[in-house]
Amino acid sequence: MPSDDPQLNNLIRECSDTIAEVYEACVASQPNFGVSSDSFTESVTDSVSKFLCSGQENPPSADEVREFVRSIRSDDLFLAIACAEGNERAWWEFDHQHRGYLERISRHLASTDLSAQEVIDLVYVELYGTRVVDGVRMSKFATYSGKGSIRGWLRTVIWHALVDLHRASHDEVSLDGMTENVGEGYTHSTFKNKDLGGEDQMIDHLAHEKYRKATLDSIRTSFSSLDDHEKLLLLYYHSEGLKLREIARLAESPGSPLRDWFQRRSAAREKDPSARIHESTIMRWLDKTYKLILERFCSELSGKHGLKQEEIDVCLELATRDLADPDIYRNLASNAG
Amino acid sequence: MNNKGIDRDELFREILSAYLRSDIAAIEFEDRDHLDGDTIAAFVEGNLSEREARPVNSHLVDCSFCRHRSAELIRLDLEFAEESAKAPEAKPAPTKVSDVLSGILGKILGAGEGAVFAHQEDETKEEEDRKDDRGESE
Ligand SMILES: [Zn+2]
């Protein structure tokens, strides 16, 4: 069934040669999966719509669609479509290729009160699908787009299955704890109470509040002014507590946009686009981002709030002291309306 | 370090860190607007192009729920990659998929539904032999 979007349907028609080429290669490698050209095209159309159209300002060009189609994991997608359609051969192949991996991931994740086997059972049932809508069985495989590897997708399916199992057995679920959750971001930002001597007493309450509000406003504005990849880097490190090597792993793929963004103007990138991303590289990206946001923070305080250099230092000292109250920013934000 | 002996960089990092952990910038999303597992998996693997990643990045900045899920999956990805490097994947015991699925579905749905995977023994055997001949294994 074609998509509801006529523009997308036209694009898909324009790229039908590329889709047919990829489809033929899949059929040649798995002739018994019984996937029709129509269902393959439908699945590819859904993936194009999801990744190239939704949330985008401009529709993709035909060349972008062709590049996308060539970039998908077509063998994995072909297998997933066949499994979603209930093809026996495909299920055999899936089980043969991936069950060992599923078992290992489940053993790695399952806690003492949940056996890995229970998780596998649950995942297989979800993959097969037990809900029927308008006569069609809702297989989890139908949600796989082929954009990432099928194993990466399976990891996500298992992880979510485990969260659901925990939720069922514990009412309330914390998403933490299935993997180690204490990263460097948490530890090295530990608050130390600064001794401000008598200075604090000299600042009256009103001035105090003025500095606090100016600090919050400036930190919010300077953070908002960053690009999304810079914000995400800071959030992963400080809010999620990801370790440098975990962020490095995320940026490691040669096609990683995180890497592209940070290294766009870097001479090193030009010389060696496949160079490994080390923890020190992430630290450099963080340092660059800190420098940028601190500059903007200070210029907000001096420009918009008219504070002198000494007053900026007072703001920083007060804010550091405020860290003893973890809700200070939340309270200030709600007071500010 | 400025003339008052204050290390602005260090103080600012502590403040920024506390601000980011306080999560006041997060936006509440409707369930249907969250990123699905497939998108997060492709993002975590670094498989999205710049165009594809842009809306994902922007959602992860605004949505602490999805960011948290993605962070957990990044951790899992690395942990599991390290574990796999230490102990390479063992070949799974030969199995018949119909047994696996019939067993599971039978347990959950009752015996009747499990029969959906009652398939031709010969075909599967033939497939197994074909694979063995090619020496295919994980
Ligand atoms: Zn979300």
Side-chain angles (χ1 to χ4, degrees), chain A residues 51 55 88-89 91-92 95 97 99-101 104-105 108 121 124-125 128 130 143-145 147-149 152-153 155-157 159-160 175 178-180 189 191 219 228-229 231-232 234-236 238-240 242 246 249-250 252-253 255-257 260 290 294 297 313 316 319-320 323 329-330 333, chain B residues 2 4 6 8-9 11-24 36-38 40-42 44-53 55 57-58 60-61 67-69 71-80 83 89-92 95 97 100-101 104-105 108-109 119 124 127 138:
Chain A
F51 287 103
E88 180 96 11
R89 292 253 180 186
W91 271 94
W92 189 94
D95 189 59
Q97 278 186 31
R99 189 167 56 88
Y101 181 77
R104 277 163 52 78
I105 280 269
H108 179 86
D121 286 0
Y124 264 81
V125 169
Y128 181 70
T130 50
T143 68
Y144 174 64
S145 65
K147 192 60 209 173
S149 71
W153 178 78
R155 273 199 301 274
T156 314
V157 172
W159 188 80
H160 280 108
L175 298 185
M178 290 207 276
T179 43
E180 187 55 51
S189 62
F191 172 71
I219 205 158
D228 278 343
H229 67 281
K231 290 181 193 166
L232 192 58
L234 291 175
L235 284 163
Y236 270 146
H238 291 286
S239 175
E240 300 301 331
L242 281 185
E246 288 163 340
R249 169 98 183 162
L250 178 67
E252 196 140 74
S253 152
S256 163
D260 277 351
Y290 289 137
L294 177 59
F297 171 79
D313 289 335
L316 286 169
T320 314
L323 296 182
Y329 291 107
R330 212 182 299 274
Chain B
N2 69 2
K4 265 183 80 193
I6 288 173
R8 266 195 189 172
D9 288 0
L11 288 187
F12 180 72
R13 281 176 204 199
E14 287 188 15
I15 297 161
L16 179 65
S17 184
Y19 171 77
L20 295 175
R21 277 178 288 142
S22 71
D23 218 18
I24 57 174
D36 64 9
D38 175 68
I40 294 186
V44 166
E45 280 190 326
N47 279 329
L48 301 182
S49 70
E50 191 171 336
R51 178 190 171 103
E52 293 151 22
N57 251 304
S58 146
L60 292 173
V61 166
R67 191 172 62 239
H68 196 57
R69 285 157 70 212
E72 286 292 319
L73 287 161
I74 292 167
R75 280 193 188 97
L76 173 62
D77 181 38
L78 184 64
E79 268 178 26
F80 196 70
E83 194 193 283
E89 192 170 325
K91 187 183 177 184
T95 183
V97 71
V100 178
L101 285 164
I104 298 165
L105 292 171
I108 290 165
L109 305 169
H119 72 297
T124 306
E127 181 78 10
E138 275 284 314

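A, B, ... follow the sequence lines: proteins, then strands. Residue 1 opens every chain. Just so it is clear, the structure is predicted and the values come from calculations on it, not from any experiment.
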Q) Do A:Y290 and B:F12 pass the ring pair (Phe, Tyr, Trp, His ring centres under 6.0 Å) test, and can you show the C-alpha distance, the side-chain angles, and the key distance before you say yes or no? A) CA-CA 9 Å; A:Y290 289 137; B:F12 180 72; 7.7 Å; no
(Q) What verdict does the side chain to side chain contact (heavy atoms under 4.5 Å, CB included) test give for B:L60 and A:Y236, after you've listed the backbone C-alpha separation in whole Å, the side-chain angles of each residue and the deciding distance to 0.1 Å? (A) CA-CA 10 Å; B:L60 292 173; A:Y236 270 146; 3.7 Å; yes
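No part of B:I40 comes within reach of chain A, as not one of its non-hydrogen atoms sits under 4.5 angstrom from that chain.
Here the closest non-hydrogen pair linking A:A319 and B:I15 is CB-CD1, 3.5 Å. Between A:G152 and B:E45, the closest heavy-atom pair is CA-OE2, 3.6 Å. Residues A:E246 and B:L78 approach most closely at CG-CD2, 3.6 Å, considering heavy atoms. Taking both residues in full, the closest heavy atoms of B:N47 and A:G148 are given as ND2-CA, 3.4 Å, listed atom of the first, atom of the second, then distance. Closest heavy-atom contact between B:V61 and A:D228: CG2-O, 3.6 Å. Heavy-atom minimum distance, B:R67 versus A:L232: CD-CD1, 4.1 Å.
Annotation: the span from B:R75 atom CZ to A:W159 atom CH2 amounts to 10.0 Å, rounded to 0.5 Å. Note that CD1 of A:I105 and CZ of B:F80 are 4.0 Å apart. Values are rounded to the nearest 0.5 Å. Annotation: the span from B:D36 atom CG to A:S145 atom OG amounts to 7.5 Å, rounded to 0.5 Å. We find the CG-CZ distance between A:D313 and B:R8 to be 4.5 Å, quoted to the nearest 0.5 Å. Atom-to-atom distance recorded for B:L76:CG and A:H108:NE2 is 5.5 Å, nearest 0.5 angstrom. One finds the NZ atom of A:K231 at 8.0 Å from the OG atom of B:S58 (value rounded to the nearest 0.5 Å).
Donor-acceptor pairing under 3.5 Å is lacking for the side chains of B:D38 and A:T143. No side-chain donor from either of B:R13 and A:H238 sits under 3.5 Å from a side-chain acceptor of the other.
In this structure the side chain of A:E240 never reaches within 4.5 angstrom of the side chain of B:E72, judged on heavy atoms.
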